[in-house]
Amino acid sequence: MLKTGETNPPDATPGLRPRERNKLDKLKRIKAAARELFLEQGYDSATTREIARRADVGLGTLFSYASDKRDLLFLIYNDLQDELTATAFARRPGGRTFLGQVMAGFAVYYRFFAQEPEFMRYVLRELTFYSHGRQSARFQAGREQIITGLEALVRDAREKRQLRPTAKDRVVAQLIFGVYQAEIRLWLSEKHPKPAAGLARLRAMLRIVVEGLRPSTGAV
């Protein structure tokens, strides 16, 4: 898995035309420069002009990829979110309970966030009401993919009679995602967030949800 700001090796894009390769190179430089300055100076202090200067591109070029500074933050994160989600819901380990499968998925995010806590604090802070900008639609689509992954787990568990059909699968998935969002913010506010501790608390919170969804004694 790529870490934040990490780029592909030079031979990872064979067959690109020079113009396309140049655009990709500029994008990588912009993402790398933005990440470096966000971490060096702090997100609030870094400016788009400084980012463009470090990336060796004009402001116009920078704004062709991102509408503003917040958009730059998600220009970096969107690729990571897609990869994390693909990993989290790529397969469903057999023999695990519904809660175990959900926790296995969320563990992917916790472990990555623990590697990049400062960067992810900026992301979580800035995602509130993030609905405008070149990168916003992709970010929102990425969040929906997480909910869709959870929905598939809920549907599978309901079909196995592990959960009661008291609400639509997607509504249950949205509830679980909401608990996750609240818990990961609380966990990431710690100075040195440890995945094991954060996941243990998340499991405890989600167990309350799952217990309320279990079939009653004697249910078919």
Side-chain angles (χ1 to χ4, degrees), residues 1-8 12 31 35 38-39 73-128 130 135-158 160 162-163 169-210 213:
M1 180 183 295
L2 295 179
K3 290 189 176 182
T4 312
E6 188 175 337
T7 60
N8 292 320
K31 289 167 68 175
R35 177 184 181 274
F38 289 158
L39 294 178
L73 187 64
F74 288 93
L75 177 67
I76 299 168
Y77 181 64
N78 279 339
D79 285 343
L80 295 167
Q81 178 171 249
D82 289 348
E83 187 176 351
L84 290 169
T85 301
T87 302
F89 299 103
R91 57 190 178 86
R92 303 175 195 174
R96 282 185 171 167
T97 63
F98 168 69
L99 181 56
Q101 290 184 331
V102 170
M103 292 304 303
F106 283 142
V108 173
Y109 301 94
Y110 271 78
R111 288 167 186 152
F112 177 79
F113 287 13
Q115 294 173 15
E116 302 278 352
E118 188 174 357
F119 178 80
M120 289 311 307
R121 289 183 190 115
Y122 294 138
V123 171
L124 292 181
R125 189 189 77 177
E126 293 300 315
L127 65 80
T128 305
Y130 181 50
Q135 299 298 317
S136 63
R138 185 181 171 198
F139 172 70
Q140 297 300 335
R143 284 161 61 92
E144 286 301 308
Q145 283 299 108
I146 298 173
I147 295 173
T148 297
L150 292 170
E151 183 182 11
L153 295 179
V154 172
R155 182 170 56 252
D156 184 59
R158 182 174 54 77
K160 293 177 180 177
Q162 295 174 348
L163 301 177
D169 297 343
R170 192 158 191 87
V171 173
V172 176
Q174 289 168 335
L175 171 61
I176 292 171
F177 183 68
V179 173
Y180 156 74
Q181 283 188 302
E183 284 301 314
I184 206 163
R185 282 178 177 274
L186 180 63
W187 168 73
L188 204 56
S189 68
E190 299 172 5
K191 187 173 182 180
H192 300 293
K194 302 296 183 183
L199 287 166
R201 179 177 167 85
L202 178 62
R203 178 182 284 273
M205 296 297 105
L206 290 179
R207 182 176 288 116
I208 297 172
V209 176
V210 173
L213 294 171

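When a residue number appears, it is its place in the shown sequence, counting from 1. For the numbers below, each heavy atom of this structure counts, side chains included, while hydrogens, waters and symmetry mates do not.
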Can you tell me how far the [atom1] atom of [X] sits from the [atom2] atom of [Y], to the nearest 0.5 Å?
{"X": "I147", "Y": "Q174", "atom1": "CD1", "atom2": "CD", "answer": "5.0 Å"}
{"X": "Q135", "Y": "L73", "atom1": "CD", "atom2": "CG", "answer": "10.5 Å"}
{"X": "S136", "Y": "N78", "atom1": "OG", "atom2": "CG", "answer": "9.0 Å"}
{"X": "Y77", "Y": "E126", "atom1": "OH", "atom2": "CD", "answer": "14.0 Å"}
{"X": "Y109", "Y": "T87", "atom1": "OH", "atom2": "OG1", "answer": "8.5 Å"}
{"X": "F113", "Y": "M120", "atom1": "CZ", "atom2": "CE", "answer": "3.5 Å"}

Sequence neighbours excluded - side chain to side chain donor-acceptor pair (under 3.5 Å) pairs with any residue from residues 144-153 =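 Sorted pair list: E144-R170, T148-R170, E151-R170.
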Please confirm whether F177 and Y180 have ring centers closer than 6.0 angstrom.
->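 Yes, the ring centres sit under 6.0 Å apart.
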Locate the shortest heavy-atom distance separating [X] from [Y]; write the atom from each residue and the value.
{"X": "W187", "Y": "G198", "answer": "CD1-CA, 3.4 Å"}
{"X": "A114", "Y": "P117", "answer": "O-CD, 3.3 Å"}
{"X": "I184", "Y": "L124", "answer": "CG2-CD1, 4.2 Å"}

Please walk me through it: do Y122 and F119 pass ring pair (Phe, Tyr, Trp, His ring centres under 6.0 Å)?
-> CA-CA 5 Å; Y122 294 138; F119 178 80; 7.5 Å; no
Take L150 and F89 through the test side chain to side chain contact (heavy atoms under 4.5 Å, CB included) and record every step on the way to the result.
-> CA-CA 8 Å; L150 292 170; F89 299 103; 4.0 Å; yes
Ring pair (Phe, Tyr, Trp, His ring centres under 6.0 Å) with F139: which residues, sequence neighbours excluded?
->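 Ring pair (Phe, Tyr, Trp, His ring centres under 6.0 Å) list for F139, sorted by chain: F74, Y130.
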Option passing side chain to side chain contact (heavy atoms under 4.5 Å, CB included) with L188 (candidates R125, E118, R121) =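 So the option named by the test is R121.
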Under 3.5 Å donor-acceptor pairs involving side-chain atoms of residues 202-210, not counting sequence neighbours:
none

Are any of the side-chain heavy atoms of Q81 and R143 separated by less than 4.5 Å?
->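 A side-chain contact exists here, since the closest heavy-atom pair is under 4.5 Å.
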Side-chain heavy atoms of I176 within contact of F106, under 4.5 Å =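 Side chain of I176 against side chain of F106, heavy atoms only: contact under 4.5 Å found.
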Restricting to pairs with a member in residues 97-112, which pass salt bridge (charged side-chain N to carboxylate O under 4.0 Å, His left out), not counting sequence neighbours?
->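 Output for this query is empty, none listed.
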Does D169 offer a backbone N or O that forms a donor-acceptor pair with the side chain of R155 under 3.5 Å?
->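 The answer is no, because no donor-acceptor pair under 3.5 Å joins these two groups.
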Give every donor-acceptor pair under 3.5 Å between a side-chain atom in residues 189-197 and any protein atom, sequence neighbours left out.
residue : atom : partner : partner atom : Å
S189    : OG   : L186    : O            : 2.5

With sequence neighbours left out, what residues match D79 under side chain to side chain contact (heavy atoms under 4.5 Å, CB included)?
->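 Listed in chain order: K31, R138.
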